[in-house]
Chemist: 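Quick one: the structure is below, and I'll ask about it shortly.
All values derive from a computational prediction rather than experimental measurement.
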Amino acid sequence: MDITAINEMFANIRENTDWDLNGPLVWGYFFVNTTPEALHGLATVMEGQGYTVVEVFEPELEDGEAPYHVLHVERVEVHSEASLDARNHQLQTLAEANGVEDYDGMDVGPVEFAHDAGNAAPSQQ
């Protein structure tokens, strides 16, 4: 996701939700790999960096689609467009350094949707 798409995402959130983009939100990050082993290794690294590991799973596939696995992690953070762009670049580099095929992007929601909301202190980015 490039900075233009991030800017559009932030504009869409401002227009269509009542979320405070200047405050903490739960940011989910996704990584994909053909096999789960590298994802489990990356999950351990990311836990050490303060992320909550939500799950490693194999999604339902369309007919003819090759199997793959997904790592979903999240963290309560405050992001601007620029800081989210920087985070995306950091996570792509982290994926590559840990033998994971792809950083697949992020989602965002209110803190109450966090899988570990009671234990998540916002991280200023």
Chemist: Specify the closest pair of heavy atoms between Val56 and Pro36, including all atoms of both residues, with the distance to one decimal.
Modeler: CG1-CB, 4.3 Å
Chemist: I'd like to check Arg87 versus Arg75 (side-chain heavy atoms, cut-off strictly below 4.5 Å). Are they in contact?
Modeler: yes
Chemist: Indicate if Trp19 and Val76 have the same hydrophobic cluster label, given that clusters are the connected sets of ILVMFWY residues with side-chain heavy-atom separations under 4.5 angstrom.
Modeler: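 Not linked; separate clusters.
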Chemist: As an exercise, state the distance from OG1 of Thr93 to CG of Asn88, rounded to the nearest 0.5 Å.
Modeler: 10.5 Å
Chemist: Looking at Glu58, is its backbone amide N or carbonyl O close enough to the side chain of His69 to form a donor-acceptor pair, meaning the two atoms are under 3.5 Å apart?
Modeler: no
Chemist: Can you tell me if Arg14 uses its side chain to pair, donor with acceptor, with the backbone of Leu21 under 3.5 Å?
Modeler: no
Chemist: Taking the side chain as every heavy atom from C-beta outward, state whether Phe31 and Leu94 have any atom pair closer than 4.5 Å.
Modeler: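 Side-chain contact under 4.5 Å: no.
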Chemist: Kindly compute the distance separating NE2 (His89) from CG (Leu84), expressed to the nearest 0.5 Å.
Modeler: 9.5 Å
Chemist: Are Val111 and Val108 linked, directly or through intermediate hydrophobic residues, by side-chain heavy-atom contacts shorter than 4.5 Å (ILVMFWY only)?
Modeler: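 As far as the 4.5 Å side-chain criterion goes, Val111 and Val108 are not connected within one cluster.
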Chemist: Looking only at heavy atoms, which two atoms of Ala38 and Gly99 are closest? And how far apart?
Modeler: CB-O, 3.6 Å
Chemist: Nearest 0.5 angstrom please: Leu42 CG to Tyr103 OH, how far?
Modeler: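 So the CG of Leu42 and the OH of Tyr103 are separated by 11.5 Å.
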Chemist: Are Glu47 and Thr52 packed together at the side-chain level, in the sense that at least one heavy-atom pair is separated by less than 4.5 angstrom?
Modeler: no
Chemist: Verify the cluster assignment for Leu91 and Met1: are they in a single hydrophobic cluster under the rule of side-chain heavy atoms below 4.5 Å apart?
Modeler: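 Both belong to a single hydrophobic cluster.
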Chemist: About how many Å separate CD of Glu15 and CD of Glu8, when rounded to the nearest 0.5 Å?
Modeler: 12.0 Å
Chemist: Looking only at non-hydrogen atoms, find the nearest pair between Phe10 and His79 and report the distance.
Modeler: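 Distance-wise, the nearest heavy atoms are CE2-O, 3.5 Å.
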Chemist: With a 4.5 Å heavy-atom cut-off, do Tyr68 and Leu61 have their side chains touching?
Modeler: yes
Chemist: Test Asp102 against Gln92 for side chain to side chain contact (heavy atoms under 4.5 Å, CB included), laying out the working first.
Modeler: CA-CA 7 Å; Asp102 191 33; Gln92 180 63 47; 3.8 Å; yes
Chemist: May I ask you to test the Met9-Met106 pair for a side-chain heavy-atom distance under 4.5 Å?
Modeler: yes
Chemist: I need the single residue from Val70, Leu39, Leu71 that forms a side chain to side chain contact (heavy atoms under 4.5 Å, CB included) with Phe57. Which is it?
Modeler: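 Going through Val70, Leu39, Leu71 one by one, the side chain to side chain contact (heavy atoms under 4.5 Å, CB included) with Phe57 is satisfied by Val70 alone.
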Chemist: If hydrophobic clusters are built by linking Ile, Leu, Val, Met, Phe, Trp and Tyr wherever their side-chain heavy atoms come under 4.5 Å apart, do Val78 and Leu25 end up in the same one?
Modeler: no
Chemist: How long is the straight-line distance from CG of Asp107 back to OH of Tyr29, given to the nearest 0.5 Å?
Modeler: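 Those atoms lie 9.5 Å apart.
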Chemist: Grouping I, L, V, M, F, W and Y whenever their side-chain heavy atoms are under 4.5 Å apart, do Ile6 and Phe30 come out in a common cluster?
Modeler: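 No; tracing contacts between hydrophobic side chains, which count when under 4.5 Å, never links both residues.
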Chemist: Can you tell me if Asn33 uses its side chain to pair, donor with acceptor, with the backbone of Glu101 under 3.5 Å?
Modeler: yes
Chemist: Between Glu77 (side chain only) and Trp27 (backbone N and O only), is there a donor and an acceptor less than 3.5 Å apart?
Modeler: no
Chemist: Taking Val100's backbone N and O only, do any of them form a donor-acceptor pair with Asn98's side chain (distance below 3.5 Å, no angle check)?
Modeler: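 Such a contact is absent between Asn98 side chain and Val100 backbone.
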Chemist: Let me confirm one number: the OG1-CD distance from Thr4 to Glu81, rounded to the nearest 0.5 Å.
Modeler: 11.5 Å
Chemist: Just so I know, are the side chains of His115 and Glu55 near enough to count as touching, which here means a heavy-atom distance under 4.5 Å?
Modeler: no
